Amino acid sequence: MKVLVVGGAGYIGSHTVRECRRSGIEPVVFDNFSTGNRESVAGVEVIEGDLLDPRNLRSAFENNTFDAVFHFAASASVPESVQKPELYYHNNVAGSLNLVHAMLEAGVERLVFSSTAATYGDPEEVPMPETHPTRPVNPYGASKLLVERMLSDICEKHPLRYIALRYFNAAGADLSGDIGEDHADEGHLIPLIFYTALGKRKIFKIFGTDYDTPDGSCIRDFVHVTDIAKAHLLALEVMDEHPNQAINLGSSTGYSVREVIEESQRVVGDLKIAVEEEARREGDPPVLVASSDRARTVLGWKPQLSELPMILETAWRWHRGHPNGYAGSGKRTAENEKSTELFGDIAARLGHVSDEDVVRALERQKEEVDIGHAHKLLGMHMLEMGLLSTSQLIEILKYYENR
Ligand SMILES: NC(=O)c1ccc[n+]([C@@H]2O[C@H](COP(=O)([O-])OP(=O)(O)OC[C@H]3O[C@@H](n4cnc5c(N)ncnc54)[C@H](O)[C@@H]3O)[C@@H](O)[C@H]2O)c1
């Protein structure tokens, strides 16, 4: 199966590209690199192009036969959308319409669209189900909701099917530690906390400490980027049976900003995360938590890595190894070659798995590499084989990092 991954060089797109390769799906990235990074998709076929230029899209579809499209490309900063709403409607809505046109012309019938919890606006019930009213409070959320509406109307009249995945807070990084979140104008909580630990920022600001929540700070639902990536593959599998709907992707567990800082401090050890309290920001609801019932029943999705400690450990592994993001990539390749051997060794030494388990996991990894699937950290195989719990995996990763 061949999938066009539009916006595949971005944070969530590149992790989905990685999961495609691990599952034997051939990804082709289409990206204008406005916020994406070439290094995040090294070794993958890339078409440099812009959604806003229909000629770029047409030639991508003319030169390839795709079974489906994953559409991640968007402008995705809430504050920027308030400053430049026209940019958001242009890139997100007009860009998506161009893509749908090109798909209809080329006869590609399956689309997974990256939507967002920002389509809901202020929560009226928590956790939020997909049936919650959609009253976005900023142009970013409104632009994504418009695309959902557009897809719903178009798919009624044409042989096109879609699933819109409404992500809550995407976070964490691939277990390998070699791809992660790297936005020039970073606005997300967890990278900002780790930038403070690394001394790249002087202070981490908590906006609002007087909310009606147990510790006064906002509560959010963090979902691991690899779990999001895997949900895209599941969406493709079920799309013919369950087409044309929106599905939340969240862990269904809320953590407050203070809890995230506290847990991050534990993860970074002796490094200091300096924190300052600020007034509330306009438009930040106190609590945003997803109901993930539909994702579980329709997609059969079960997040494996979305517990906060795992999210933070993997994010830290990426940031610590790449304090300058992709600008500092490339030097760990030789080291990575030894990773599998070392990882198995540490897992066995800690007593979490037996030597036989390591051999079984290595065999499974080799089988996947032999059938052309990309390398996956041995720990992920062990987790999937039920040999390790997530907390044991975290412990091994820590030893591995500090060896
Ligand atoms: N990160 C989150 O927590 C989150 C939450 C909810 C929804 N989303 C949605 O998920 C998607 C991916 O988010 P992300 O955090 O990976 O963002 P990102 O900025 O890292 O990735 C977006 C990618 O799209 C590309 N792109 C943008 N406009 C383009 C255009 N006109 N033509 C071609 N390529 C273009 C960028 O270069 C980039 O590689 C976005 O649609 C975003 O709205 C993200």
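Both backbone and side-chain heavy atoms feed into the values below; hydrogens, waters and symmetry mates do not. When a ligand or atom number is given, it counts from 1 through the structure's own listing order. Keep in mind the model is a prediction, meaning the values are calculated, not measured.
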Enquirer: Below 4.0 angstrom from a heavy atom of Gly36, which ligand 1 atoms are there? Numbered from 1 as shown, please.
Expert: 36 (C), 37 (O), 38 (C), 39 (O)

Enquirer: Does the side chain of Arg258 come within less than 4.5 Å of Thr209's, by heavy atoms?
Expert: yes

Enquirer: Measure the distance from atom 10 (O) of ligand 1 to every protein heavy atom, then report the residue, atom name and distance (to 0.1 Å) of the closest one.
Expert: Tyr167 CE1, 3.2 Å

Enquirer: Does at least one non-hydrogen atom of Gly49 fall below 4.0 angstrom from an atom of ligand 1?
Expert: yes

Enquirer: Please classify the Ser115 to ligand 1 contact at 4.0 Å (heavy-atom distances, strictly less than): side chain, backbone, both or neither.
Expert: backbone

Enquirer: At less than 4.0 angstrom from any non-hydrogen atom of Ala73, what atoms of ligand 1 do you find?
Expert: 24 (O), 26 (N), 29 (C), 34 (N), 35 (C)

Enquirer: Mind checking whether Asn64 and Leu4 have side chains closer than 4.5 Å, heavy atoms only?
Expert: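 Of all side-chain heavy-atom pairs linking Leu4 with Asn64, none is under 4.5 Å.
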
Enquirer: So which heavy atom in the protein is nearest atom 41 (O) of ligand 1, and how far is it from that ligand atom?
Expert: Lys144 NZ, 2.6 Å

Enquirer: Centroid separation under 6.0 Å, is that true for the rings of Tyr195 and His188?
Expert: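 For His188 and Tyr195, the ring centres are not under 6.0 Å apart.
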
Enquirer: Tell me whether Arg317 contacts the main-chain N or O of Leu175 through its side chain, where contact means a donor paired with an acceptor under 3.5 Å.
Expert: yes

Enquirer: I want to confirm something. Looking only at heavy atoms, which of Leu52, Asn91, Asp53 is nearest to atom 31 (N) of ligand 1?
Expert: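 Residue with the shortest heavy-atom distance to the ligand atom: Asn91.
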
Enquirer: Would you check if the distance from the ring center of His322 to the ring center of Tyr326 is below 6.0 Å?
Expert: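 Judged by ring-centre distance (under 6.0 Å), His322 and Tyr326 do not meet the cut-off.
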
Enquirer: If the cut-off is 4.0 Å to any non-hydrogen atom of Ala76, which atoms of ligand 1 fall inside it?
Expert: 42 (C), 43 (O)

Enquirer: When you measure from atom 25 (C) of ligand 1 to every protein heavy atom, which one gives the shortest distance, and what is it?
Expert: Asp31 OD1, 3.4 Å

Enquirer: So which protein heavy atom does atom 27 (C) of ligand 1 come closest to, and at what separation?
Expert: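 Sorting protein heavy atoms by distance from atom 27 (C) of ligand 1 puts Ser34 OG, 3.5 Å first.
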
Enquirer: Measure from the ring center of Phe66 to the ring center of Phe61 and say whether it is less than 6.0 Å.
Expert: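 Yes.
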
Enquirer: Ala170 to ligand 1: N or O pair under 3.5 Å?
Expert: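 Checking ligand 1 against Ala170, an N or O pair does fall under 3.5 Å apart.
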
Enquirer: Counting only heavy atoms, which portion of Asn37 has something under 4.0 Å from ligand 1: side chain, backbone, both, or neither?
Expert: neither

Enquirer: Is it the case that ligand 1 has an N or O less than 3.5 angstrom from some N or O of Gly10?
Expert: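 In this structure, Gly10 places an N or O atom under 3.5 Å from an N or O of ligand 1.
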
Enquirer: Nearest protein heavy-atom contact for atom 44 (C) of ligand 1: which residue, which atom, what distance?
Expert: Ile12 CD1, 3.6 Å

Enquirer: Looking at side-chain heavy atoms only, is the closest gap between Arg296 and Leu299 below 4.5 Å?
Expert: no

Enquirer: At less than 4.0 angstrom from any non-hydrogen atom of Phe72, what atoms of ligand 1 do you find?
Expert: 11 (C), 12 (C), 40 (C), 41 (O)

Enquirer: Can you report which non-hydrogen protein atom sits closest to atom 36 (C) of ligand 1, along with the distance?
Expert: Thr35 OG1, 3.2 Å

Enquirer: Heavy-atom contacts under 4.0 Å between His71 and ligand 1: side chain, backbone, both, or neither?
Expert: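 His71 to ligand 1: no contact under 4.0 Å from either part.
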
Enquirer: I'd like to check which ligand 1 atoms, numbered from 1 as shown, lie under 4.0 Å from a non-hydrogen atom of Phe33.
Expert: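 Answer, ordered by atom number: 37 (O).
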
Enquirer: Provide the number and element of each atom of ligand 1 under 4.0 Å from a heavy atom of Phe168.
Expert: 3 (O), 5 (C), 6 (C)

Enquirer: For the residue pair Leu305 and Ile311, establish whether any side-chain heavy-atom pair is separated by less than 4.5 Å.
Expert: no

Enquirer: For ligand 1, find out whether one of its N or O atoms is nearer than 3.5 Å to an N or O atom of Tyr11.
Expert: yes

Enquirer: Measure across Pro27 and Arg21 and return the closest heavy-atom pair with its distance rounded to 0.1 Å.
Expert: CG-CG, 3.7 Å

Enquirer: Starting from atom 32 (N) of ligand 1, locate the nearest protein heavy atom and write down its residue, its atom name and how far away it is, to 0.1 Å.
Expert: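 Scanning the protein heavy atoms, the shortest distance from atom 32 (N) of ligand 1 goes to Leu51 N, 3.0 Å.
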
Enquirer: Is it true that the NZ or CZ of Arg38 lies under 6.0 Å from the centre of Phe33's six-membered ring and within 45 degrees of the ring axis?
Expert: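 Here Arg38 passes the 6.0 Å and 45° test against Phe33.
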
Enquirer: Is Ile219 close to Leu288 at the side-chain level, that is, under 4.5 Å between some pair of heavy atoms?
Expert: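 When only atoms from C-beta onward are counted, Ile219 and Leu288 do not touch, as no gap falls below 4.5 Å.
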
Enquirer: For atom 33 (C) of ligand 1, grab the closest protein heavy atom and report residue, atom and distance to one decimal in Å.
Expert: Asn32 N, 3.3 Å

Enquirer: Hey, are Gln265 and Lys272 close enough side-chain-wise for a donor-acceptor pair under 3.5 Å?
Expert: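 Judged by distance alone, the side chains do not pair up.
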
Enquirer: At under 4.0 Å between heavy atoms, which part of Tyr140 makes contact with ligand 1: side chain, backbone, both or neither?
Expert: side chain

Enquirer: Answer with side chain, backbone, both or neither: which part of His183 has a heavy atom less than 4.0 angstrom from an atom of ligand 1?
Expert: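 For His183, only side-chain atoms sit under 4.0 Å from ligand 1.
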
Enquirer: Could you tell me if the side chain of Asn248 sits less than 4.5 Å from the side chain of Tyr120, heavy atoms only?
Expert: yes

Enquirer: Are Val3 and Val69 side-chain neighbours, meaning at least one heavy-atom pair lies under 4.5 Å?
Expert: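 Val3 does not reach Val69 side chain to side chain.
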
Enquirer: Compare all side-chain heavy atoms of Gln304 with those of Thr390 and state whether any distance is below 4.5 angstrom.
Expert: no

Enquirer: Classify the contact between His188 and ligand 1 as side chain, backbone, both or neither, using a heavy-atom distance cut-off of under 4.0 Å.
Expert: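 The part of His188 near ligand 1 is the side chain, not the backbone.
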
